[in-house]
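A quick write-up on the structure given underneath.
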Protein chains: 4
Amino acid sequence: MLKQSPRVLGRPRHDENAKPKKDIVLETATRLFIKEGYKNISMADVAKACNVTKATIYYYYPTKGDLYTSALLAMMDQIKLSILQILEESISFKDRLEKLVEIHLSATVDIDMKNFMREATINLSESQLIEVQASENNMYKTIEQAMKVEMELGTIRKGNATFFAHSFMALMSVGYVKDGEGKRIFQSEAMAAREIIDFFWKSVEK
Amino acid sequence: MLKQSPRVLGRPRHDENAKPKKDIVLETATRLFIKEGYKNISMADVAKACNVTKATIYYYYPTKGDLYTSALLAMMDQIKLSILQILEESISFKDRLEKLVEIHLSATVDIDMKNFMREATINLSESQLIEVQASENNMYKTIEQAMKVEMELGTIRKGNATFFAHSFMALMSVGYVKDGEGKRIFQSEAMAAREIIDFFWKSVEK
Amino acid sequence: MLKQSPRVLGRPRHDENAKPKKDIVLETATRLFIKEGYKNISMADVAKACNVTKATIYYYYPTKGDLYTSALLAMMDQIKLSILQILEESISFKDRLEKLVEIHLSATVDIDMKNFMREATINLSESQLIEVQASENNMYKTIEQAMKVEMELGTIRKGNATFFAHSFMALMSVGYVKDGEGKRIFQSEAMAAREIIDFFWKSVEK
Amino acid sequence: MLKQSPRVLGRPRHDENAKPKKDIVLETATRLFIKEGYKNISMADVAKACNVTKATIYYYYPTKGDLYTSALLAMMDQIKLSILQILEESISFKDRLEKLVEIHLSATVDIDMKNFMREATINLSESQLIEVQASENNMYKTIEQAMKVEMELGTIRKGNATFFAHSFMALMSVGYVKDGEGKRIFQSEAMAAREIIDFFWKSVEK
DNA sequence: TATGAATGAGGATTCATTCAT
DNA sequence: GATGAATGAATCCTCATTCAT
């Protein structure tokens, strides 16, 4: 009788293409935390979604708070990067902002920073929280910096750049809004971006 | 050292001046849920804060979800009422909006509707969720309606009133923002309101 | 405008036909306990089914155990009475037994005495248990007595009357049995009674 | 006085001679459920009796219903096996039945299948109940099958084999009966078995 | 007679975390 | 590296019972 699944003997060669397990865990956890929040996702949930055991996760991330911290940092880092990239393009500032909004609305289900920061405040340790806050601040500073530059260039009126940056992010999140019947109020991300930036621009133009 | 006398079983003697316990529970729970969110507040926490036992809370609210639902409904109702009241005053629309922002920034720690709705989505039952969504919708409709009226009156430009309403609320919540060092970016609620409405008004004026 | 439901003023005349509340409670409780057992029925369940408050039940029955005790006693008493009545009829003993079986299979969903006695043993106080056991014994003694009489009369063979009585009751409960597909193994109570008594009779006839 | 050393966290050192904890839990739970029933035994009771924590039990059995289901299945399986074994012996059918009864009366405190099935019906989930019912059916089918064989062989009269099987089990449980004073009505399991089978045999012999 | 309000004790279940292997 | 086995503390919820009215 034939053996069912013939496997090569000995230690399996490491699959070069396989992602390190640590990264799989982080990505999976990030996705879950975004969807359901810190308290609604258990370490068991993450483990199951990764097809590993809880102990494996603890091997890489000493506490749940650390995993959450790592997830937030990675996420913000990525957002910051993508913001930087778009802001560097050589189209008008207004067009850059519009592109930024469109891409973000397309890329994610409502990543609400305020939410993550709130959960961080409540659930993380002091040191973890400081890390996360620094990263968030960094992310906002990126936009703030761009606002300052454009103020200097005269593209937009002079004003409180921090306030402008936060207003921009706040308005961006309106793109996700659904009305009373559960329908998006915009037909596409592109249209949402257009309307949002038109609105924003009126406030900041000279 | 004196032992604290343990509460007694049975119906307590009624104090005419006392607030109904059901209201105390609701108010306390609302406060806690606002501060820490659904999952971070246990029924035991609420009970302790009310100085009653858990069973007492269950006497009035059959599940934690029901308590949360009631808290949200009451809160939204109150917000809606206060919005209505301010919007009815006989000062200019811009001034009414400014007053609205100032009062809300003063009255509460960041009541972030998006947050509550998110927790509702994740944690409530279908029927509870529907109730809460209806109430939220109602609240927004109040502002939307005012926007429509002012569009007709020609005070503001014609546009998507739903979008205007949500943008207004989104910008309002910028008033709570703190910068990298944990300092509020506005010195007072009045100043925040002034700046926010100036910003908003540029977007909506004719 | 008309008042909605005009009621007669003053204390309502006591409805002579209305059953005393105490009896309603007992009957309702008995029905529930039979269907679901002691532990699966809460005082709240009973109260709800009676349309009164828990406190009302406690007004009549000082503890849940007392309510259960009363329910069992009433039930056994009634069963004993109906047994006595049937056994007194002037038809052959075999026919009396058959009638007894048929009537009991028709009257109730499987009233399994062993079950009640077990729950009594586990949940009742010493004194309550003694009462119930006495009553159960009494019920069995009724049948036992009949067996003895018939032994004397020569209708059935001489043997252990206690054993006969219990065998009779055990066989009676086979009438409720369902097979693997959930179908009753007898088409009617009458047929069940016939088959059961035929079976029993073979064992006890001379 | 010595404090009992608290159990330590984490995976305990493995003792080769020790029974798997999963089995210990199942056996203990079975014993307790038999004695006191589903609702009267809490997970804490089981845990205490096993000298493990509740969490350990949940590690192996995801719900109390699952534990009960497993316990019933194991029990019925064992009973079925022992029935099969005895029925295969090369002594007369009547002797085999007698042995079967004697062994069961000796082996257990009144394992009342009807009781377990009732608690199952009330407390288990649909799917759990189906499993248990299948297993119970299987157990009865074993006896039924033997009855059929003996009918063919002419050892007993032809009749409804399902009814015979259930009657047999019903009569067997009479062996546990105690009279009014709490005394068993038979002096020994052997005598009970003898009397029960004599009784049963009269009903089924040709 | 009847009830509304409240409690203390427990019961099922979840979860972050630990540790020997 | 990765895991299986186990825990302690908490969480939501139920329930028998009590007592002023």
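Proteins come first, then strands; the chains are lettered A, B, ... in the order of their sequence lines, and each starts at number 1.
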Length of the CE-C1' vector between D:Met43 and F:dG8, whole Å: 17 Å
Most 5' of A:Ala44 and D:Tyr38 on DNA chain E, judged by nearest nucleotide: D:Tyr38
Test item: A:Thr56 side-chain N/O and A:Val52 main-chain N/O as donor-acceptor pair under 3.5 Å: no
Set of side-chain hydrogen bond (donor to acceptor under 3.5 Å, both in side chains) partners for B:Ser70, sequence neighbours left out: none
Interatomic distance where CG belongs to A:Asn51 and P belongs to F:dG4 [whole Å]: 12 Å
Exercise: identify the closest heavy-atom pair between B:Met76 and B:Met117: CE-SD, 3.7 Å
Rounded interatomic separation in angstrom, taking CG from B:Asp23 and C1' from E:dA5: 14 Å
Distance-only donor-acceptor check, side chains A:Thr69 and A:Asp66, under 3.5 Å: no
Distance, rounded to the nearest Å, where B:Asp45 contributes CG and F:dA9 contributes C1': 14 Å
Rounded interatomic separation in angstrom, taking CD from B:Glu36 and C1' from F:dT11: 16 Å
Give every donor-acceptor pair under 3.5 Å between a side-chain atom in residues 20-33 of chain A and any protein atom, sequence neighbours left out.
{"residue": "A:Glu27", "atom": "OE1", "partner": "A:Lys19", "partner atom": "NZ", "Å": "2.9"}
{"residue": "A:Thr28", "atom": "OG1", "partner": "A:Ile24", "partner atom": "O", "Å": "2.7"}
{"residue": "A:Thr30", "atom": "OG1", "partner": "A:Leu26", "partner atom": "O", "Å": "2.7"}

Contact nearer the 5' end of DNA chain F, comparing C:Asn40 with B:Asn40: B:Asn40
Whichever of A:Lys54 and C:Ser42 has its nearest DNA chain F nucleotide further upstream toward 5': A:Lys54
Rounded distance in Å - NZ (B:Lys39) to C1' (E:dC15): 10 Å
Geometric cation-pi criterion, B:Lys54 with B:Tyr59: 6.0 Å, 45°: no
Neighbours of DNA chain F within residues 58-66 of chain A, by heavy-atom distance under 4.0 Å: A:Tyr59, A:Tyr60
Interatomic distance, C:Ile34 atom CD1 to C:Met75 atom CE [nearest 0.5 angstrom]: 5.0 Å
Spacing of B:Lys22 atom NZ relative to E:dA6 atom C1', expressed in whole Å: 15 Å
Check: B:Lys48 side chain, B:Met43 main-chain N or O, donor-acceptor pair, under 3.5 Å: no
Consecutive-pair stems (3 or more, Watson-Crick or G-U, under 3.5 Å) for DNA chain E: E:2-21 with F:2-21
Side chains of B:Asp45 and B:Ser42, donor plus acceptor under 3.5 Å: yes
Under the salt bridge (charged side-chain N to carboxylate O under 4.0 Å, His left out) test, residues paired with A:Glu36 that sit two or more places apart: none
Distance below 4.0 Å between A:Thr56 side-chain N/O and F:dA2 OP1 or OP2: no
Sorted by number, the residues of residues 120-129 of chain B with heavy-atom contact under 4.0 Å to DNA chain E: none
Test item: B:Lys39 side-chain N/O and B:Asn123 main-chain N/O as donor-acceptor pair under 3.5 Å: no
Flag, side chain of A:Gln128 to backbone of A:Ser125, donor-acceptor distance under 3.5 Å: yes
Sugar-phosphate, base or nothing in reach of B:Ile41, heavy atoms under 4.0 Å: sugar-phosphate
Distance, rounded to the nearest Å, where A:Ile57 contributes CD1 and E:dA16 contributes P: 10 Å
